[in-house]
Amino acid sequence: MKIKYSDGVLRAQKKNRPILALESTIISHGMPFPDNLEFAKKAEALCRDSGVEPATIAVLDGTPCVGLNKEQLNRVSNSAKMKKISKNDLSVSLAMNWSGATTVSSTAHIAKMANISVFSTGGIGGVNREAERTFDISQDLTTISKTPIIIVTAGAKSILDIPRTVEALEALGVTTLGYKTNVFPAFFYRDSGVFGPVLVNSSKEIVNVFKKNLELGISSATLVTNPIPRKDEIPRESIDLFIKEAHEQLSERPISGKDVTPFLLKYIVERSEGKSLQANIALALNNVRVGIKVAKEIIRA
Ligand code: PSU
Ligand code: MN
(Lines give C-alpha, C1' and ligand atoms only; values in the text may rest on other atoms or scores of the structure.)
(Ligands and ions follow the chains in the order given, each with its own letter.)
Protein backbone atom coordinates (compact mmCIF):
# COMPACT_ATOMS: atom_id res chain seq x y z
CA MET A 1 0.00 0.00 0.00
CA LYS A 2 1.40 3.36 -1.03
CA ILE A 3 1.06 5.95 1.71
CA LYS A 4 2.31 9.50 1.22
CA TYR A 5 3.94 10.83 4.38
CA SER A 6 4.70 14.49 5.04
CA ASP A 7 8.35 15.40 5.59
CA GLY A 8 7.58 16.10 9.24
CA VAL A 9 5.99 12.69 9.83
CA LEU A 10 8.86 10.93 8.02
CA ARG A 11 11.39 12.74 10.22
CA ALA A 12 9.43 11.97 13.39
CA GLN A 13 9.15 8.29 12.46
CA LYS A 14 12.88 8.05 11.79
CA LYS A 15 13.78 9.67 15.10
CA ASN A 16 11.07 7.88 17.09
CA ARG A 17 9.48 11.19 18.07
CA PRO A 18 5.80 11.32 19.13
CA ILE A 19 3.14 11.60 16.42
CA LEU A 20 -0.56 12.41 16.81
CA ALA A 21 -3.03 11.44 14.08
CA LEU A 22 -5.85 13.90 13.31
CA GLU A 23 -8.86 13.39 11.08
CA SER A 24 -9.97 15.63 8.25
CA THR A 25 -13.76 15.21 7.95
CA ILE A 26 -14.17 17.40 11.02
CA ILE A 27 -12.41 20.08 8.91
CA SER A 28 -14.08 19.58 5.54
CA HIS A 29 -17.60 18.54 6.55
CA GLY A 30 -17.87 19.45 10.22
CA MET A 31 -17.03 23.16 10.23
CA PRO A 32 -17.49 26.07 7.82
CA PHE A 33 -14.61 27.78 6.02
CA PRO A 34 -12.53 29.71 7.13
CA ASP A 35 -13.03 28.73 10.79
CA ASN A 36 -12.22 25.14 9.86
CA LEU A 37 -8.81 26.05 8.43
CA GLU A 38 -8.03 28.19 11.44
CA PHE A 39 -8.98 25.28 13.69
CA ALA A 40 -6.82 22.82 11.72
CA LYS A 41 -3.83 25.15 11.90
CA LYS A 42 -4.32 25.66 15.63
CA ALA A 43 -4.54 21.92 16.24
CA GLU A 44 -1.31 21.34 14.34
CA ALA A 45 0.45 24.28 16.06
CA LEU A 46 -0.56 22.92 19.48
CA CYS A 47 1.13 19.63 18.56
CA ARG A 48 4.31 21.20 17.19
CA ASP A 49 4.66 23.59 20.15
CA SER A 50 4.62 20.53 22.42
CA GLY A 51 7.16 18.58 20.40
CA VAL A 52 4.59 16.27 18.82
CA GLU A 53 4.32 15.85 15.05
CA PRO A 54 0.74 16.28 13.77
CA ALA A 55 -0.37 13.75 11.16
CA THR A 56 -3.59 15.02 9.64
CA ILE A 57 -4.91 12.25 7.43
CA ALA A 58 -6.82 12.52 4.13
CA VAL A 59 -7.02 10.87 0.71
CA LEU A 60 -5.74 13.12 -2.07
CA ASP A 61 -5.89 12.09 -5.73
CA GLY A 62 -6.30 8.47 -4.80
CA THR A 63 -3.41 8.34 -2.31
CA PRO A 64 -3.72 8.11 1.48
CA CYS A 65 -1.77 11.03 2.94
CA VAL A 66 -0.43 11.00 6.48
CA GLY A 67 0.57 14.53 7.42
CA LEU A 68 -0.51 17.37 5.14
CA ASN A 69 1.47 20.36 3.89
CA LYS A 70 0.00 23.88 3.82
CA GLU A 71 -1.44 23.58 0.36
CA GLN A 72 -3.00 20.20 1.09
CA LEU A 73 -4.55 21.48 4.32
CA ASN A 74 -6.00 24.43 2.39
CA ARG A 75 -7.43 22.05 -0.14
CA VAL A 76 -9.12 19.90 2.50
CA SER A 77 -10.56 23.01 4.18
CA ASN A 78 -11.83 24.81 1.13
CA SER A 79 -12.82 22.59 -1.73
CA ALA A 80 -16.41 21.66 -2.44
CA LYS A 81 -15.04 18.62 -4.27
CA MET A 82 -13.75 16.94 -1.11
CA LYS A 83 -15.69 13.76 -0.49
CA LYS A 84 -16.43 12.32 2.94
CA ILE A 85 -14.58 9.02 3.00
CA SER A 86 -15.41 6.45 5.65
CA LYS A 87 -13.85 3.01 5.81
CA ASN A 88 -16.36 1.45 3.43
CA ASP A 89 -15.28 3.91 0.72
CA LEU A 90 -11.56 3.80 1.39
CA SER A 91 -10.72 1.16 -1.24
CA VAL A 92 -13.06 2.84 -3.72
CA SER A 93 -11.41 6.22 -3.14
CA LEU A 94 -7.98 4.77 -3.99
CA ALA A 95 -9.16 2.77 -6.98
CA MET A 96 -11.13 5.70 -8.41
CA ASN A 97 -8.60 8.43 -7.67
CA TRP A 98 -10.89 10.36 -5.37
CA SER A 99 -9.90 13.19 -3.09
CA GLY A 100 -11.63 13.36 0.22
CA ALA A 101 -11.50 13.83 3.92
CA THR A 102 -11.31 10.81 6.20
CA THR A 103 -13.74 10.16 9.05
CA VAL A 104 -12.90 8.52 12.38
CA SER A 105 -13.28 5.05 10.81
CA SER A 106 -10.97 5.57 7.83
CA THR A 107 -8.52 7.78 9.75
CA ALA A 108 -8.14 5.15 12.47
CA HIS A 109 -7.56 2.47 9.84
CA ILE A 110 -4.87 4.47 8.02
CA ALA A 111 -3.22 5.57 11.29
CA LYS A 112 -2.89 1.91 12.29
CA MET A 113 -1.36 1.06 8.92
CA ALA A 114 1.10 3.93 9.40
CA ASN A 115 2.06 2.62 12.85
CA ILE A 116 0.65 5.65 14.64
CA SER A 117 -0.91 4.71 17.98
CA VAL A 118 -2.74 7.86 19.07
CA PHE A 119 -5.53 9.74 17.30
CA SER A 120 -7.58 12.75 18.45
CA THR A 121 -10.96 13.61 16.93
CA GLY A 122 -13.86 15.85 17.98
CA GLY A 123 -16.59 13.35 18.69
CA ILE A 124 -17.06 9.88 17.28
CA GLY A 125 -20.16 8.89 15.37
CA GLY A 126 -22.57 6.46 17.01
CA VAL A 127 -26.17 5.33 17.17
CA ASN A 128 -28.32 8.05 15.69
CA ARG A 129 -31.58 9.19 17.27
CA GLU A 130 -34.43 7.24 15.68
CA ALA A 131 -32.00 4.52 14.62
CA GLU A 132 -34.80 1.99 15.21
CA ARG A 133 -36.51 3.54 12.19
CA THR A 134 -33.53 4.64 10.06
CA PHE A 135 -30.93 2.00 11.02
CA ASP A 136 -28.43 4.86 11.04
CA ILE A 137 -25.46 3.65 13.06
CA SER A 138 -22.02 5.08 12.31
CA GLN A 139 -19.36 2.72 11.05
CA ASP A 140 -17.04 4.53 13.46
CA LEU A 141 -18.33 2.07 16.08
CA THR A 142 -17.40 -1.14 14.28
CA THR A 143 -14.03 0.27 13.24
CA ILE A 144 -13.29 1.34 16.80
CA SER A 145 -13.98 -2.22 17.92
CA LYS A 146 -11.47 -3.58 15.38
CA THR A 147 -8.61 -1.09 15.39
CA PRO A 148 -6.11 -1.31 18.25
CA ILE A 149 -5.09 2.31 18.68
CA ILE A 150 -5.90 5.00 21.25
CA ILE A 151 -8.69 7.37 20.20
CA VAL A 152 -9.43 10.56 22.14
CA THR A 153 -13.00 11.85 21.76
CA ALA A 154 -15.35 14.23 23.60
CA GLY A 155 -17.77 11.36 24.17
CA ALA A 156 -20.16 11.00 21.27
CA LYS A 157 -21.81 13.85 19.40
CA SER A 158 -24.81 15.34 21.23
CA ILE A 159 -26.90 14.88 18.09
CA LEU A 160 -26.78 11.11 18.70
CA ASP A 161 -28.64 8.78 21.01
CA ILE A 162 -25.97 8.61 23.69
CA PRO A 163 -27.42 5.85 25.93
CA ARG A 164 -27.72 3.58 22.90
CA THR A 165 -24.27 4.55 21.67
CA VAL A 166 -22.79 3.58 25.04
CA GLU A 167 -24.65 0.25 24.92
CA ALA A 168 -23.42 -0.37 21.36
CA LEU A 169 -19.82 0.32 22.42
CA GLU A 170 -20.22 -2.22 25.18
CA ALA A 171 -21.84 -4.76 22.85
CA LEU A 172 -18.94 -4.36 20.43
CA GLY A 173 -16.43 -4.91 23.22
CA VAL A 174 -14.85 -1.47 23.11
CA THR A 175 -12.53 -0.57 26.01
CA THR A 176 -13.95 2.78 27.10
CA LEU A 177 -12.09 5.08 29.49
CA GLY A 178 -13.09 8.45 30.93
CA TYR A 179 -10.36 11.03 31.31
CA LYS A 180 -10.98 12.34 34.82
CA THR A 181 -14.62 11.22 34.63
CA ASN A 182 -16.77 8.11 34.89
CA VAL A 183 -19.71 9.65 33.06
CA PHE A 184 -19.88 9.46 29.27
CA PRO A 185 -19.36 13.01 27.93
CA ALA A 186 -21.89 14.43 25.48
CA PHE A 187 -19.75 16.53 23.11
CA PHE A 188 -21.25 20.04 23.61
CA TYR A 189 -21.77 19.34 27.33
CA ARG A 190 -19.82 17.34 29.86
CA ASP A 191 -22.38 15.06 31.40
CA SER A 192 -24.69 12.81 29.36
CA GLY A 193 -26.01 11.23 32.54
CA VAL A 194 -24.82 7.82 31.33
CA PHE A 195 -22.26 6.08 33.52
CA GLY A 196 -19.89 3.62 31.90
CA PRO A 197 -16.37 4.79 31.12
CA VAL A 198 -13.67 3.63 33.52
CA LEU A 199 -12.14 6.61 35.29
CA VAL A 200 -8.48 7.28 34.44
CA ASN A 201 -6.48 10.23 35.72
CA SER A 202 -3.33 10.26 33.61
CA SER A 203 -1.85 9.51 30.21
CA LYS A 204 0.22 6.83 31.93
CA GLU A 205 -2.92 4.94 32.97
CA ILE A 206 -4.28 5.25 29.43
CA VAL A 207 -1.11 3.84 27.87
CA ASN A 208 -1.01 1.01 30.43
CA VAL A 209 -4.53 -0.06 29.45
CA PHE A 210 -3.66 0.21 25.75
CA LYS A 211 -0.58 -1.98 26.21
CA LYS A 212 -2.64 -4.61 28.02
CA ASN A 213 -5.13 -4.66 25.12
CA LEU A 214 -2.19 -5.33 22.77
CA GLU A 215 -0.75 -8.04 25.04
CA LEU A 216 -4.18 -9.70 25.24
CA GLY A 217 -4.57 -9.63 21.48
CA ILE A 218 -7.77 -7.63 21.86
CA SER A 219 -8.58 -5.77 18.69
CA SER A 220 -10.62 -2.98 20.27
CA ALA A 221 -9.38 0.57 20.30
CA THR A 222 -8.72 2.10 23.68
CA LEU A 223 -11.37 4.81 23.54
CA VAL A 224 -10.61 7.79 25.77
CA THR A 225 -13.63 9.99 26.41
CA ASN A 226 -12.61 13.50 27.39
CA PRO A 227 -15.27 16.04 28.39
CA ILE A 228 -15.33 19.53 26.87
CA PRO A 229 -13.73 22.09 29.26
CA ARG A 230 -16.25 23.56 31.70
CA LYS A 231 -15.81 27.10 30.39
CA ASP A 232 -16.65 26.06 26.84
CA GLU A 233 -19.64 23.79 27.36
CA ILE A 234 -23.14 24.65 26.17
CA PRO A 235 -25.72 23.56 28.73
CA ARG A 236 -27.96 20.73 27.61
CA GLU A 237 -31.07 22.94 28.01
CA SER A 238 -29.77 25.48 25.49
CA ILE A 239 -28.54 23.10 22.80
CA ASP A 240 -31.21 20.41 22.98
CA LEU A 241 -33.84 22.61 21.36
CA PHE A 242 -31.59 23.21 18.35
CA ILE A 243 -30.77 19.52 18.10
CA LYS A 244 -34.49 18.64 18.09
CA GLU A 245 -35.18 21.27 15.44
CA ALA A 246 -32.30 19.96 13.33
CA HIS A 247 -33.80 16.47 13.42
CA GLU A 248 -37.23 17.81 12.46
CA GLN A 249 -35.67 19.61 9.50
CA LEU A 250 -33.81 16.45 8.58
CA SER A 251 -36.99 14.37 8.53
CA GLU A 252 -38.55 16.78 6.06
CA ARG A 253 -35.69 16.48 3.59
CA PRO A 254 -34.37 13.70 1.37
CA ILE A 255 -31.11 13.51 3.31
CA SER A 256 -29.68 10.16 4.34
CA GLY A 257 -26.45 8.20 4.77
CA LYS A 258 -23.23 10.13 5.10
CA ASP A 259 -24.94 13.50 4.59
CA VAL A 260 -26.87 13.28 7.85
CA THR A 261 -24.13 14.28 10.30
CA PRO A 262 -22.82 17.26 8.25
CA PHE A 263 -26.41 18.50 7.79
CA LEU A 264 -27.20 18.35 11.51
CA LEU A 265 -23.94 20.02 12.58
CA LYS A 266 -24.36 22.80 10.01
CA TYR A 267 -27.95 23.46 11.04
CA ILE A 268 -26.97 23.73 14.70
CA VAL A 269 -24.04 26.07 13.94
CA GLU A 270 -26.40 28.41 12.10
CA ARG A 271 -29.21 28.15 14.64
CA SER A 272 -26.88 28.77 17.59
CA GLU A 273 -25.28 31.71 15.78
CA GLY A 274 -21.89 30.09 15.84
CA LYS A 275 -21.93 29.10 19.51
CA SER A 276 -21.89 25.39 18.72
CA LEU A 277 -18.96 25.94 16.36
CA GLN A 278 -16.96 27.60 19.14
CA ALA A 279 -17.77 24.68 21.45
CA ASN A 280 -16.83 22.16 18.75
CA ILE A 281 -13.48 23.86 18.21
CA ALA A 282 -12.82 24.02 21.96
CA LEU A 283 -13.59 20.34 22.57
CA ALA A 284 -11.55 19.20 19.59
CA LEU A 285 -8.52 21.24 20.71
CA ASN A 286 -8.97 19.83 24.20
CA ASN A 287 -8.80 16.34 22.68
CA VAL A 288 -5.61 17.33 20.88
CA ARG A 289 -4.12 18.40 24.24
CA VAL A 290 -4.86 15.02 25.79
CA GLY A 291 -3.69 13.26 22.60
CA ILE A 292 -0.38 15.11 22.85
CA LYS A 293 0.19 13.88 26.42
CA VAL A 294 -0.66 10.31 25.46
CA ALA A 295 1.53 10.38 22.32
CA LYS A 296 4.47 11.50 24.46
CA GLU A 297 3.76 8.87 27.08
CA ILE A 298 3.76 6.11 24.44
CA ILE A 299 7.31 7.04 23.44
CA ARG A 300 8.42 6.89 27.09
CA ALA A 301 6.62 3.62 27.79
N1 PSU B 1 -16.17 15.24 15.23
C2 PSU B 1 -16.55 16.53 15.04
N3 PSU B 1 -17.08 16.87 13.83
C4 PSU B 1 -17.22 15.97 12.82
C5 PSU B 1 -16.80 14.62 13.02
C6 PSU B 1 -16.29 14.31 14.26
O7 PSU B 1 -16.42 17.36 15.95
O8 PSU B 1 -17.69 16.33 11.73
C9 PSU B 1 -16.94 13.61 11.89
C10 PSU B 1 -15.95 12.45 12.08
O11 PSU B 1 -15.20 12.33 10.91
C12 PSU B 1 -16.83 11.25 12.30
C13 PSU B 1 -18.00 11.60 11.44
O14 PSU B 1 -16.22 10.05 11.95
O15 PSU B 1 -18.22 12.98 11.80
C16 PSU B 1 -19.20 10.71 11.70
O17 PSU B 1 -19.96 10.64 10.55
P18 PSU B 1 -21.17 9.56 10.44
O19 PSU B 1 -22.08 9.92 11.57
O20 PSU B 1 -21.76 9.80 9.09
O21 PSU B 1 -20.54 8.22 10.59
MN1 MN C 1 -24.79 7.44 9.36
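Just follow the structure's listing: the first ligand is 1, and inside any ligand the first atom is 1.
- For atom 19 (O) of ligand 1, the nearest protein heavy atom (residue, atom name, distance) is Thr261 OG1, 2.7 Å.
- In terms of protein heavy-atom proximity, atom 20 (O) of ligand 1 is nearest to Lys84 NZ, 2.7 Å.
- Any N or O atom pair closer than 3.5 Å counts here, and Gln139 shares no such pair with ligand 1.
- Scanning the protein for heavy atoms near atom 7 (O) of ligand 1, the closest one is Asn280 OD1, 2.8 Å.
- Taking all heavy atoms of Val260, Leu283, Asp140 into account, the minimum distance to atom 16 (C) of ligand 1 is reached by Asp140.
- No donor-acceptor distance shorter than 3.5 angstrom exists from the side chain of Asn201 to the backbone of Lys180, with no hydrogens or angles considered.
- Judged by distance alone, with hydrogens and angles left aside, the side-chain atoms of Thr102 form no donor-acceptor pair with the main-chain N or O of Ser106 at under 3.5 Å.
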Does the side-chain contact (heavy atoms from CB on, under 4.5 Å) test come out yes or no for Ile268 and Glu245, once each step is laid out? CA-CA 9 Å; Ile268 296 163; Glu245 266 182 37; over 6 Å; no
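- Each of Thr153, Leu141, Thr175, Val152 was scored for a side-chain contact (heavy atoms from CB on, under 4.5 Å) with Leu223, with one residue passing: Thr153.
- In terms of modelled atom types and a separation under 3.5 Å, the side chain of Thr225 and the main chain of Leu177 share a donor-acceptor contact.
- Looking only at N/O/S atoms, Asp136 comes nearest to the Mn ion (ligand 2) through OD1.
- Heavy-atom contacts of Thr25 reach the following atoms of ligand 1: 11 (O) (cutoff under 4.0 Å).
- Counting atoms of ligand 1 from 1 in the listed order, those under 4.0 Å from a heavy atom of Thr103 are 11 (O), 14 (O).
- Scanning the protein for heavy atoms near atom 3 (N) of ligand 1, the closest one is Ile26 CG1, 3.5 Å.
- Ranked by closest heavy atom to atom 21 (O) of ligand 1, the top entry among Gly125, Ser138, Gly126 is Ser138.
- Summary of contacts: the protein heavy atom closest to atom 5 (C) of ligand 1 is Lys157 NZ, 3.2 Å.
- Residue-to-ligand polar distances keep Ser105 apart from ligand 1: every N/O pair is separated by 3.5 Å or more.
- Exactly one residue among Lys4, Arg75, Lys81 makes a salt bridge (Lys or Arg N to Asp or Glu O under 4.0 Å) with Asp61. That residue is Arg75.
- A donor-acceptor pair is defined here as one N or O able to donate and one able to accept, closer than 3.5 Å; no such pair exists between the side chain of Asn128 and the backbone of Ile137.
- Residue-ligand proximity, Leu265 to ligand 1, at heavy-atom distances under 4.0 Å covers atoms 3 (N), 4 (C), 8 (O).
- In plain terms, the two heavy atoms of Phe188 and Leu283 that are nearest each other are N-CD2, 4.4 Å.
- Annotation: Arg230, atom CZ; neighbour count of heavy atoms from other residues, nucleotides and ligands within 6.0 Å does not exceed 12.
- Glu23 OE1, 2.6 Å is the protein heavy atom nearest to atom 11 (O) of ligand 1.
- Remark: side-chain polar atoms of Ser50 are not paired, donor with acceptor, to backbone N or O of Arg48 under 3.5 angstrom.
- Given atom 1 (N) of ligand 1, the protein heavy atom at minimum distance is Gly123 N, 3.0 Å.
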